[in-house]
Amino acid sequence: MSFLTVDLADRAPVRALPQEPMRGGPLAAALSRIWHRRYLFAAVFVGILGLAVTALLMIQPQYVASGSVIVAEAEPGANNASMAWIQKIGDPADIESQILVIRSPRLLRLAIDDGLIAAVMAECRSAATRGHPDEISAKKEAACTKLTTDRNALVEYLQKRYTVLSSGRSRIITIGYKSPLPDTAQTMANGLINAFLEDQRETQASSRKAAADWLHAEISQLDASIRADETRIQTFRRRKGLLKGSTAPISAERLTSISQQLAAAEAAKADAAARLSEIENKGARGADSAPAVLASQTVVSLKQQLSGVSAQLANQSTLLGASHPVIRALETEQASLRTRIEQEVGNVAKGLRKSYEASNALAKSLRAQLETAKTDAAAAMDDEASIEGMVRNAEIKRTRYADLVKRAGELETERRILTGSTRLVSLAELPQEPFSPKAVPFLAGGFVLAGVLAAAAALLRDYTDRRVRSSAQLMAGTGAPVFAQLPSLEPAGLVGRFSERQRALDLPEALARARVDPVMQNVLRNLHAHLVLAGSGKSRVILVTSAKPREGKSFTAFALAGIGAAGGRRVLVVECDLRRPNFEASLGLGRGPGLGGVLRGKIDPAEAVVPAGRFDVIPAGTPTADSTELLMSDRMAGFLDWSRRYDLVLLDTPPTSLLMDAPTLARHVDGVLCCARYGRSQLSDTVETVANLRRAGGHVLGIAMTMVRPGTQPTYDVMPLPDPRTAAGAR
């Protein structure tokens with residue numbers, strides 16, 4: 001930076017240039033910014049970490065009890081797995097459907113009906129009072145009681161606390177419940193598990209149970225009919241006194257044959273009705289798992305193809321997007337296979353329906369034939385033939401009775417086998433340790449979150465802070481050189497710094513500390529040298545101003561005056577702040593007319609001079625509201641001419657952002673020294689101040705940064721001289 005005076009009045013101020021990146025890369029720059037805002041970082045970090053600790057202490061512990069069930073298990077008692085079980089192996093849709101069934105409101109209502117109300121009430125009271133149910137208020141008690149009367153609210157309450165998950169790609173489903181009470185968590189989890197198992201048994205056995213009920217009804221009717229026939233035969237034999245012969249007439253044999261055919265037709269009709277009822281009761285989505293459907297090789301083949309396409313679609317979906325041609329092709333093929341399966345199921349149902357209708361028609365026809373045969377036999381046969389007919393009719397009923405009993409046994413066996421496809425793996429155990437919150441992960445998360453938020457707050461504050469921090473900012477923004485960086489005056493030692501950090505020093509105390517501070521004296525000497533060189537050794541009238549109040553302009557003026565007077569120059573400090581003067585009160589000069597009296601013509605300039613040690617001072621005098629008009633008057637111009645008898649004249653003016661007094665005087669002085677406070681003055685305010693002074697015709701010599709953080713100013717101290725005695729001994 002050159003010491004020569006450069007007139008930049010006609011130059012437009014440039015915008016602040018971005019700072020060069022620090023050495024060490026972006027990480028080092030970020031760490032430097034965080035260290036610069038370490039107090040904010042520490043405050044945010046401690047606050048967030050304190051909130052995390054408080055939350056850990058306030059959050060009520062939660063216990064989780066969980067049990068497991070297995071679905072689509074191999075059927076017990078069978079050497080080979082059934083086709084229904086084979087189709088369910090590895091089918092994610094089946095597992096997902098079971099999970100949805102478990103979480104359904106219907107199943108939750110079934111579990112509630114098994115006696116879970118008391119456990120829910122105990123949990124609600126404990127959660128409402130944070131573990132002190134005896135201290136529950138009437139309002140919270142009413143809210144808990146509402147759960148026992150409103151089933152919908154209770155179901156919604158339970159859905160939030162139950163967790164139903166599948167264990168990877170296995171067929172095991174885990175059912176868990178979270179509660180602040182460990183025994184309640186165990187009770188609620190086991191209640192839903194038992195309700196699910198019972199519901200599965202009822203659902204899988206419903207179709208076969210219907211068929212078995214019909215068969216038992218038919219068996220009961222046949223049994224009653226057989227008993228009645230036997231009674232009638234015995235009665236007829238006793239009444240007629242007939243004995244049973246070894247042969248029978250042809251009509252009787254024909255009657256027997258037709259009866260046997262009728263029995264077979266009725267059995268076929270019952271079998272077709274049972275299988276058709278099984279398909280229809282399962283519905284459109286479950287009909288493909290019916291035994292009659294699974295007996296079709298076409299359905300089995302199509303379902304195997306569907307499983308393969310579904311597996312390919314699941315694998316490709318993780319690699320390709322939903323709109324990929326391969327995915328669309330697989331989805332189309334999957335839909336086509338499902339359609340074909342539904343068609344085949346429909347065909348099987350149609351075939352069974354036709355079989356049922358054919359058996360029914362055959363039975364009707366055989367009944368008609370049987371009636372005809374009976375009529376013919378009655379007309380042709382004697383009493384013995386009638387007896388034989390009655391005996392054979394009873395035998396037919398016995399045969400049919402045996403067939404129906406056998407079929408009922410088979411259905412019961414199938415029903416018992418199917419109930420084993422979903423079974424219990426393990427019930428929920430009583431949890432011993434709380435599931436959440438876990439102290440170490442919780443505090444670790446809070447520690448990380450506190451660090452991230454604190455770093456973000458520090459970086460955000462540093463990036464958005466446009467206060468003056470470096471001379472490069474001021475030079476780039478204003479186009480004016482920075483003559484000096486005046487350090488902040490603070491007591492030595494860490495305790496002194498922190499104790500007075502929030503207290504602003506008054507002017508006399510600041511000047512007293514500046515006189516004994518070697519770093520401050522060195523900086524002031526450099527600043528004075530800049531001003532002297534800018535004036536080429538002539539008498540100089542320098543205007544000292546700032547953008548805002550309390551930015552160190554008065555201190556700078558008096559400190560420069562002291563340095564100039566110590567160098568043998570005649571120095572005059574003039575207080576031009578006529579509205580809020582403070583020289584007299586701060587320095588104890590006594591009340592006088594001051595500069596205001598000079599500008600109003602009441603006294604001469606020499607009469608307003610007050611000695612202040614090695615230099616002279618002219619205070620502002622009595623406060624006045626027309627300061628701008630007085631400073632623009634001819635008397636002010638005459639006063640400035642009179643003041644040039646001094647070697648250095650320093651005019652302390654009001655801040656430029658509040659009054660136009662400084663721009664008014666700027667064109668009448670030899671130069672302007674603008675003060676900007678480190679860490680407080682906004683760069684935009686300083687740039688605007690320099691621009692306004694230049695537009696007013698002033699010559700901005702440079703800028704002085706005040707109250708700069710100690711330790712950032714380079715010094716060139718005097719080398720201590722050696723002790724004469726030590727030097728003599730060295731010779």
Item to check | Audit row: Val120, Met188, side-chain contact (heavy atoms from CB on, under 4.5 Å) steps and yes/no | outcome: CA-CA 8 Å; Val120 173; Met188 300 300 292; 3.5 Å; yes
Rounded to the nearest 0.5 Å, what separation is found between the [atom1] atom of [X] and the [atom2] atom of [Y]?
X      : Y      : atom1 : atom2 : answer
Leu449 : Phe442 : CG    : CZ    : 10.0 Å
Asp685 : Arg680 : CG    : CZ    : 11.5 Å
Ser681 : Met707 : OG    : CE    : 9.0 Å
Ile102 : Thr174 : CD1   : OG1   : 9.5 Å
Ile173 : Ile99  : CD1   : CD1   : 5.0 Å
Leu543 : Cys576 : CG    : SG    : 7.0 Å

Item to check | Thr145 and Met121: CA distance, side-chain angles, deciding distance, side-chain contact (heavy atoms from CB on, under 4.5 Å) verdict | outcome: CA-CA 7 Å; Thr145 305; Met121 287 295 296; 4.3 Å; yes
With a 4.5 Å heavy-atom cut-off, do [X] and [Y] have their side chains touching?
X      : Y      : result
Phe41  : Trp35  : no
Phe558 : Leu507 : yes
Val544 : Cys675 : yes
Leu181 : Tyr63  : no
Leu527 : Leu486 : yes
Phe583 : Val610 : no
Leu631 : Thr653 : no
Val482 : Met705 : yes

N/O donor-acceptor pair under 3.5 Å between [X] side chain and [Y] backbone:
X      : Y      : result
Thr54  : Gly50  : yes
Glu575 : Val573 : no
Arg103 : Gln159 : yes
Arg694 : Val700 : no
Gln62  : Phe435 : no
Thr545 : Pro654 : yes

Next on the checklist: Please tell me whether Phe447 and Phe45 form a close aromatic pair, meaning their ring centres lie under 6.0 Å apart.
Outcome noted: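 Yes, close enough.
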Is it true that, when you exclude [X] itself, more than 12 heavy atoms of the residues, nucleotides or ligands shown sit nearer than 6.0 Å to its [atom1]?
X      : atom1 : value
Tyr162 : OH    : yes
Arg579 : CZ    : yes
Glu688 : CD    : no
Arg580 : CZ    : no

Minimum heavy-atom distance [X]-[Y], with the two atoms named:
X      : Y      : value
Leu693 : Ala666 : CD2-CB, 4.1 Å
Ala612 : Val617 : CB-CG2, 3.6 Å
Val44  : Ala454 : CG1-CA, 3.6 Å
Leu489 : Arg513 : O-NH1, 4.0 Å
Ser546 : Lys553 : OG-CD, 3.4 Å
Leu578 : Gly596 : CD2-N, 4.2 Å

Next on the checklist: Is there a side-chain contact (heavy atoms from CB on, under 4.5 Å) between Ser471 and Gln485? Walk through the geometry before answering.
Outcome noted: CA-CA 8 Å; Ser471 58; Gln485 300 183 30; 3.9 Å; yes
Checklist entry - Yes or no on side-chain contact (heavy atoms from CB on, under 4.5 Å) for Arg540 and Arg569, after CA distance, side-chain angles and deciding distance? => result CA-CA 11 Å; Arg540 300 291 288 168; Arg569 290 182 174 81; over 6 Å; no
Checklist entry - Should the ring pair His530 and Phe483 be called parallel, tilted or perpendicular, given that the plane angle runs from 0 to 90° and is split at 30 and 60? => result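 His530 and Phe483: parallel rings.
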Taking atom types as modelled, find out whether [X] and [Y] have a side-chain donor-acceptor pair closer than 3.5 angstrom.
X      : Y      : result
Thr689 : Thr656 : yes
Ser554 : Asp652 : yes
Thr184 : Glu123 : no

Checklist entry - Can you tell which of Asp577, Ile542, Asp661, Val669 makes a side chain to side chain contact (heavy atoms under 4.5 Å, CB included) with Leu651? => result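 The single option meeting the side chain to side chain contact (heavy atoms under 4.5 Å, CB included) with Leu651 is Val669.
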